[in-house]
Amino acid sequence: FSSLNGLNARSEIGFNYFSSTATNNPVVLGYQATSYSGYTSGPFYIATRNVTTDTAPTERFTILGNGYVGIGDTDPAELFTVGSNDAFQVNNAGAIASSSSITTSGPITIGTDVAISRGAANRLDLGSSDSLRLSGDGQLASVATAAGTQWLAVSVSGDSANRFYVAANGTIAWGDG
């Protein structure tokens, strides 16, 4: 199927069952000509519907002429975009460029040894074994360091010596510095 020639004209392949008299196909692969300069350009899309009535399908997956991909977004702002209004974006370098909300059922791992997780209601845990824990009201709930020997340790960047620490047994100590 191809609509009339012109700016924003669409060429589509529709999928439907054999004896249907419907006006709209439940699944469509399409191309929309958004520019007629040279040999034209425009996005490729896949549209589906989730009802059994003769309703036009909704665009679910879009690839723009520049290669940007949108899932649930017909005009992605970055290389890979998920959700309407560009809710989650990954840029050309593979970095998360924007996120309105990330929801996960498990920890988010950064590198090989740092994990961020929701330890309990209104609590954020950072590191393996809850090395840093913040409560929902922003209070520092606990900090643990090497092998649990020190409960809280403060050091200067690039310096391995602890300037101040509270040991797991409650001893408070000042280091060199």
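Hydrogens, waters and symmetry mates are skipped; everything else that's a heavy atom, side chains included, is used. Since the structure is predicted, the reported quantities are computational estimates derived from the model, not experimental observations.
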*Are Y68 and D75 close enough, and set up right, to give a side chain to side chain contact (heavy atoms under 4.5 Å, CB included), and what steps lead you there?*
CA-CA 8 Å; Y68 284 14; D75 189 21; over 6 Å; no
*Decide side chain to side chain contact (heavy atoms under 4.5 Å, CB included) for V90 and L79; before the verdict, give the C-alpha distance in whole Å, the side-chain angles of both, and the deciding distance to 0.1 Å.*
CA-CA 6 Å; V90 176; L79 181 63; 5.8 Å; no
_Separation of I46 CD1 from E12 CD (nearest 0.5 Å)_ =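 With rounding to 0.5 Å, CD (E12) is 12.0 Å from CD1 (I46).
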*Measure the OG-CD1 distance between S84 and I71 for me, rounded to the nearest 0.5 Å.*
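Going from OG on S84 over to CD1 on I71, the span is 13.0 Å.
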Testing the basics here: between [X] and [Y], what is the closest heavy-atom pair and its distance to 0.1 Å?
X	Y	result
D86	P76	OD1-CA, 3.8 Å
T23	D54	N-OD2, 2.9 Å
Q32	Y45	N-CE2, 4.0 Å
G42	T34	CA-OG1, 3.3 Å
P26	F15	CD-O, 3.0 Å
T55	R49	O-NH1, 2.9 Å

*N66 atom CG, neighbour heavy-atom count above 12 within 6.0 Å*: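 Result for CG/N66: enclosed.
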*When you measure from the side chain of N91 to the backbone N and O of A97, does any donor-acceptor pair fall under 3.5 Å?*
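Side chain of N91 to backbone of A97, a donor-acceptor pair under 3.5 Å: no, none is there.
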*Quick check: does any side chain N or O of N16 sit under 3.5 Å from a backbone N or O of N25, one acting as donor and the other as acceptor?*
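A pair under 3.5 Å: no.
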_Among residues at least two apart in sequence or on other chains, which ones pass salt bridge (Lys or Arg N to Asp or Glu O under 4.0 Å) with E78?_
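None.
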Starting from [Y], can I reach [X] by hopping between I/L/V/M/F/W/Y residues whose side chains sit under 4.5 Å apart?
X	Y	value
V69	F44	yes
L29	L64	no
Y31	F61	no
V27	I13	yes

*Under the side chain to side chain donor-acceptor pair (under 3.5 Å) test, which residues partner R60, sequence neighbours left out?*
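Result, side chain to side chain donor-acceptor pair (under 3.5 Å) vs R60: T48.
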*Mind checking who shares a hydrophobic cluster with V51, ILVMFWY linked at side-chain heavy-atom distances under 4.5 Å?*
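V51 clusters with nothing; isolated.
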